[in-house]
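One structure below.
The analysis underlying the following values was restricted to heavy atoms, covering all of them including side chains, and did not include hydrogens, waters or symmetry mates.
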Amino acid sequence: MTVLAPESVNLVDPELYATGDPHPVFRWMRDNDPVRWHGATEYPGFWSVTRYDDIRAVYGDARVFSSAQGILLRPQGHGQDPGGGRTLALTDPPHHKALRTLVADWFTTRSVRALEDAMREAVRAVLARAAGLGTCDFVTDVAARLPLYVICRLMGVPAHEQEMLFSLTSQAFGAGEPETRSIAHQQIMAYFVELMYRRMDEPADDLVSALVNGEVDGELLSEEDILLNCDNLLVGGTENVRLAVAGGMQTFLDRPADWERLRADRSLMPTAVEEVLRWTSTATHIMRTVTEPVLLRERQLEPGDRVVMWTPSANRDERYFENPDTFDIARRPNRHLALGAGEHFCLGAMMTRTEMRILFTELLDSPFSIEQSGPAVPLRSIVVNGLESLPVRFTAK
């Protein structure tokens, strides 16, 4: 089928992702206009980059393609991202490396392995709770709980305060009214103000203490920088896993033969996790800002130009992936870009993969069967790709 991408196609229209299918449009752009100017709408104009190799090239040159001016499109009039140049996600080398060094020890292979038993116990408790409900929302009642438990543990949030933080994050990062989301986010930040001051008085072995007491270029971080990085870690540590696990579960529910194949052959779990990451591609777009004149596939880009990389397009690029529109839990190789690349390759990549492996394994081994009990509701977002809701029913096997 021939799919056209006329000027009227608006890549920043959330409806394209909530009710439509952007992949035919991305395919047309990869074939016909892989570095395409997208005129201003409620967002400023930008260059759309859709091919795998081009996106990898942008990720790989942090000097020319800067993160410090923001990594997500912001509506015109909203100004610069307040975290620009100050948080892990919104800094360039060498400041980015210095910040990353402060917290990197919590995300090493050794640290992640030390948490596996605790993760497994947490997943079993989550599944028992969900099964007790009978019918529940897989997104909020299952997929969201493990990553929040893990990041809360790493940040030093006491166990008795985690349920409160779970409730706030569900409101802040869900699909509710903007005012409700804003108030919940403010409450999360207020909580981290309190936790920050606690750790100033009583340092502990956790990420917040590392930010409070660590030095970058010989100086302590400001209180505002500490809070911005707490917010960055909370969002980064929860969103990707929540959306990937929920999207992966929906994919398995739609393809029960793949779920049974994985049940029968657990050696496929590592490749299945990678394929879920590629297939779901939870970061819909990532932005960079040009710092000096540069040619990108014969397009002249100038300083200040915004470059938007469409992750779902890169991970379906026919030039790089064989049969990219086929979900294949045995896919090898699978060098997707769902976790980024270059200087900003996801700090928590090992943690993400481990959480997904444990959650899917425990679901396969649980004494319950899971089936979809209602229509899935996609998020209406140009930022993240995934589900707002996935109603499921747990029944005893």
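Residues M119 and M351 meet the side-chain proximity criterion, which asks for heavy atoms closer than 4.5 Å. No side-chain heavy atom of V126 sits under 4.5 Å from any side-chain heavy atom of Y149. Considering only heavy atoms from C-beta on, D317 stays 4.5 Å or farther from I55 through its side chain. Taking 4.5 Å as the limit, every side-chain heavy atom of V208 sits out of range of all side-chain heavy atoms of L233. Residues F107 and T352 have side chains not in contact (no heavy-atom distance under 4.5 Å, counting atoms from C-beta outward). Inter-residue side-chain proximity for D365 and R266 is flagged as met; some heavy-atom pair is nearer than 4.5 Å. With a 4.5 Å cut-off on side-chain heavy atoms, F252 and L363 do not count as touching. Between L72 and M287, every side-chain heavy-atom pair lies at or beyond the 4.5 Å cut-off.
Side-chain atoms of S389 and D137 include a donor-acceptor pair closer than 3.5 Å. Side chains of S281 and N385: a donor-acceptor N/O pair is absent below 3.5 angstrom, by distance only. With hydrogens and angles left out, the side-chain atoms of S67 and R288 include a donor and acceptor closer than 3.5 Å.
Under a cut-off of 6.0 angstrom, the local environment of CZ in R113 is sparse, with at most 12 non-hydrogen atoms contributed by other residues, nucleotides or ligands. Environment of CD in E219: sparse, with no more than 12 heavy atoms of neighbouring residues, nucleotides or ligands closer than 6.0 Å. Around the CZ atom of R335, the shell of radius 6.0 Å holds no more than 12 heavy atoms that belong to other residues, nucleotides or ligands. Other residues, nucleotides and ligands contribute over 12 non-hydrogen atoms within 6.0 Å of the CD atom of Q300. The number of heavy atoms from other shown groups lying within 6.0 Å of CD (E202) does not exceed 12. More than 12 heavy atoms of other residues, nucleotides or ligands sit less than 6.0 Å from atom CG of D325. The environment of E302 atom CD is dense: over 12 non-hydrogen atoms of other residues, nucleotides or ligands sit within 6.0 angstrom.
The backbone N or O of H344 lies less than 3.5 Å from no partner atom in the side chain of H96, so there is not a single donor-acceptor pair. With T101 contributing its side chain and K97 its backbone, the two residues share a donor-acceptor pair below 3.5 Å.
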Could you please spell out the steps behind the side chain to side chain contact (heavy atoms under 4.5 Å, CB included) verdict for Y17 and L379? CA-CA 8 Å; Y17 309 95; L379 283 166; over 6 Å; no

Check step by step if salt bridge (charged side-chain N to carboxylate O under 4.0 Å, His left out) holds for R261 and E275. CA-CA 14 Å; R261 183 185 179 193; E275 183 68 343; over 6 Å; no

Go through the steps for D31 and R319 under the test salt bridge (charged side-chain N to carboxylate O under 4.0 Å, His left out), then give the verdict. CA-CA 10 Å; D31 289 343; R319 295 155 192 80; 2.6 Å; yes

Report the C-alpha separation of E223 and M200 in whole Å, then their side-chain angles, then the decisive distance to 0.1 Å, and conclude whether the side chain to side chain contact (heavy atoms under 4.5 Å, CB included) test is met. CA-CA 11 Å; E223 291 185 3; M200 287 179 178; 3.9 Å; yes

Going through the checks in order, is the salt bridge (charged side-chain N to carboxylate O under 4.0 Å, His left out) test met by E163 and R145? CA-CA 9 Å; E163 192 63 31; R145 286 185 169 267; 3.0 Å; yes

Decide salt bridge (charged side-chain N to carboxylate O under 4.0 Å, His left out) for E274 and R278; before the verdict, give the C-alpha distance in whole Å, the side-chain angles of both, and the deciding distance to 0.1 Å. CA-CA 6 Å; E274 296 305 321; R278 182 191 76 88; over 6 Å; no

Starting from the C-alpha separation in whole Å, work towards a yes-or-no answer on side chain to side chain donor-acceptor pair (under 3.5 Å) for R30 and S313. CA-CA 8 Å; R30 290 194 300 270; S313 178; 3.0 Å; yes

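Nearest heavy-atom pair across G214 and L102 is CA-CD2, 3.6 Å. Nearest approach of R299 to V35, heavy atoms of both residues: NE-O, 3.0 Å. Taking both residues in full, the closest heavy atoms of V139 and A246 are given as CG2-CB, 3.9 Å, listed atom of the first, atom of the second, then distance. Listed here is the closest heavy atom pair of A338 and N315: N-ND2, 3.5 Å. Of all non-hydrogen atoms in A130 and C136, the two that sit nearest each other are CB-SG, 3.9 Å. Of all non-hydrogen atoms in D92 and A68, the two that sit nearest each other are OD2-CB, 3.6 Å.
Rounded to the nearest 0.5 angstrom, D231 CG and M189 CE are separated by 4.5 Å. The line from CD of E355 to OG1 of T238 is 9.5 Å long, rounded to the nearest 0.5 Å. Distance check, rounded to the nearest 0.5 Å: CG of L154 to CG of L207 gives 5.5 Å. To the nearest 0.5 Å, the span separating CE on M269 from CZ on R353 amounts to 14.5 Å. A distance of 3.5 Å separates CG in N240 from OG1 in T282, rounded to the nearest 0.5 Å. In this structure, CG in L221 is found 10.0 Å from CG in N213, a value given to the nearest 0.5 Å.
Ring pair Y52/Y320 is parallel by interplanar angle, where below 30° counts as parallel and above 60° as perpendicular. In this structure, W310 and F26 have tilted ring planes: the angle between them lies in the 30° to 60° band.
Each of D33, D53, D54 was evaluated against R297; a single residue qualifies, D54, per the salt bridge (Lys or Arg N to Asp or Glu O under 4.0 Å) test. Checking V308, V49, V12 one by one against H285, the side chain to side chain contact (heavy atoms under 4.5 Å, CB included) holds for a single residue, V308.
Every ring-ring contact (aromatic ring centres under 6.0 Å, His included) that W279 has, sequence neighbours left out, goes to F327.
Judged by the 6.0 Å distance and 45° axis criteria, R331 is not positioned over the aromatic ring of F321.
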